[in-house]
Amino acid sequence: GVLTLSIPIKKTIHGNCPIKDIQIDYSQHWQRMHWRAMESVYNSAPFFLFYKDYFYPFYHQQNIKFLFDFNCLMMQVLFKLLNLNKTLSFTKDFISEYTDKEDYRNIINPKIRLKNSYKFANIPSYRQVFSDRIGFQKNMSIVDLLFNEGRCANEYLKNLF
């Protein structure tokens, strides 16, 4: 079935802190659990062996202190693997509403599955490791797409837009 893998964070004394200051909690053994889950699920995926070395450091080193930095570094790896010529840029101030762009900040929540009204809720299927037994599982991770589709993942994503 589907596994939800989330990174535990250290609790803050003040309750709220800027997102850039949220620290990863390495006292829990989440890295080992995540990596074992990825190996178990994707070891038979067509492109896991080709891409796994790019992800290995994220699950075997504890040199990334902040969750924000972890996510940014992971995004840079994904951009590279998907051959996307993109760079991350950030605002200095919080912008509560966008008028000219769609706001996706609250779309992803590990505790809530994507709503069917979301525009990518009915994405086309692709071959997944266990799809012969449990069917296509939509709204998985970009890593799922990459391990299963390899270089075709880029074309798949282009066709969504």
Side-chain angles (χ1 to χ4, degrees), residues 1-43 45-96 98 101-115 118 120 123 126 128-129 137-154 156-158 160-161:
V2 175
L3 296 173
T4 300
L5 301 176
S6 57
I7 299 172
I9 58 171
K10 291 183 178 180
K11 305 296 182 223
T12 60
I13 297 171
H14 309 294
N16 291 327
C17 71
I19 196 165
K20 68 177 183 59
D21 295 335
I22 295 173
Q23 293 184 31
I24 296 172
D25 184 356
Y26 287 105
S27 70
Q28 300 181 39
H29 301 290
W30 65 271
Q31 289 175 296
R32 182 174 42 218
M33 184 184 77
H34 285 206
W35 188 251
R36 284 182 180 166
M38 288 174 64
E39 281 187 314
S40 174
V41 171
Y42 294 115
N43 200 35
F47 298 95
F48 178 69
L49 292 176
F50 184 77
Y51 290 117
K52 77 176 191 170
D53 291 343
Y54 292 97
F55 297 96
Y56 185 89
F58 289 96
Y59 302 98
H60 291 87
Q61 298 173 4
Q62 297 183 0
N63 59 344
I64 305 171
K65 183 176 181 179
F66 298 101
L67 183 62
F68 186 80
D69 295 337
F70 183 97
N71 289 333
C72 290
L73 291 168
M74 181 68 79
M75 291 274 294
Q76 291 171 352
V77 167
L78 290 166
F79 288 163
K80 176 182 176 178
L81 296 178
L82 291 165
N83 293 317
L84 297 174
N85 189 18
K86 302 284 182 187
T87 55
L88 296 173
S89 61
F90 307 99
T91 61
K92 292 190 186 320
D93 300 311
F94 175 75
I95 302 170
S96 62
Y98 287 94
K101 298 186 186 269
E102 293 188 54
D103 185 357
Y104 295 111
R105 291 176 292 187
N106 298 312
I107 290 293
I108 298 172
N109 182 329
K111 297 178 183 174
I112 302 170
R113 297 290 284 169
L114 288 178
K115 299 175 185 129
Y118 179 59
F120 297 125
I123 63 170
Y126 55 88
Q128 292 174 319
V129 175
Q137 299 298 305
K138 63 182 181 179
N139 299 323
M140 298 300 288
S141 68
I142 189 69
V143 174
D144 180 76
L145 178 64
L146 195 60
F147 288 161
N148 285 295
E149 290 291 314
R151 290 189 176 145
C152 295
N154 185 306
Y156 177 90
L157 292 172
K158 284 181 185 177
L160 290 178
F161 299 98

To the nearest 0.5 Å, how far apart are [atom1] in [X] and [atom2] in [Y]?
{"X": "L160", "Y": "K158", "atom1": "CG", "atom2": "NZ", "answer": "12.5 Å"}
{"X": "F55", "Y": "E39", "atom1": "CZ", "atom2": "CD", "answer": "13.5 Å"}
{"X": "K65", "Y": "I24", "atom1": "NZ", "atom2": "CD1", "answer": "11.0 Å"}
{"X": "N43", "Y": "R36", "atom1": "CG", "atom2": "CZ", "answer": "14.0 Å"}

Sorted by chain and number, sequence neighbours left out, side chain to side chain donor-acceptor pair (under 3.5 Å) with D25 holds for S27, Q28
Taking all atoms of both residues into account, what is the closest heavy-atom pair of F48 and M38, and its distance? CE1-O, 4.2 Å
Within 6.0 Å of OH in Y56, more than 12 heavy atoms from elsewhere: no
Flag yes if more than 12 heavy atoms outside I19 fall under 6.0 Å of its CD1 atom; otherwise flag no. no
Can you tell if the side chain of F58 reaches within under 4.5 Å of the side chain of I64, non-hydrogen atoms only? yes
List, one per line, each side-chain donor-acceptor pair under 3.5 Å for residues 67-86, sequence neighbours excluded.
{"residue": "N71", "atom": "ND2", "partner": "L67", "partner atom": "O", "Å": "3.4"}

Check whether the side chains of W35 and Q31 place a donor and an acceptor atom closer than 3.5 Å, and report yes or no. no
Distance-only criterion, 3.5 Å: show the donor-acceptor pairs between side-chain atoms of residues 144-152 and protein atoms not counting sequence neighbours.
{"residue": "D144", "atom": "OD1", "partner": "Y42", "partner atom": "OH", "Å": "2.8"}
{"residue": "D144", "atom": "OD1", "partner": "N148", "partner atom": "ND2", "Å": "3.3"}
{"residue": "D144", "atom": "OD2", "partner": "Y126", "partner atom": "OH", "Å": "2.4"}
{"residue": "D144", "atom": "OD2", "partner": "Q128", "partner atom": "NE2", "Å": "2.9"}
{"residue": "N148", "atom": "OD1", "partner": "V129", "partner atom": "N", "Å": "3.4"}
{"residue": "N148", "atom": "ND2", "partner": "D144", "partner atom": "O", "Å": "2.8"}

Angle between ring planes, H34 versus W30, binned at 30° and 60°: parallel, tilted or perpendicular? perpendicular
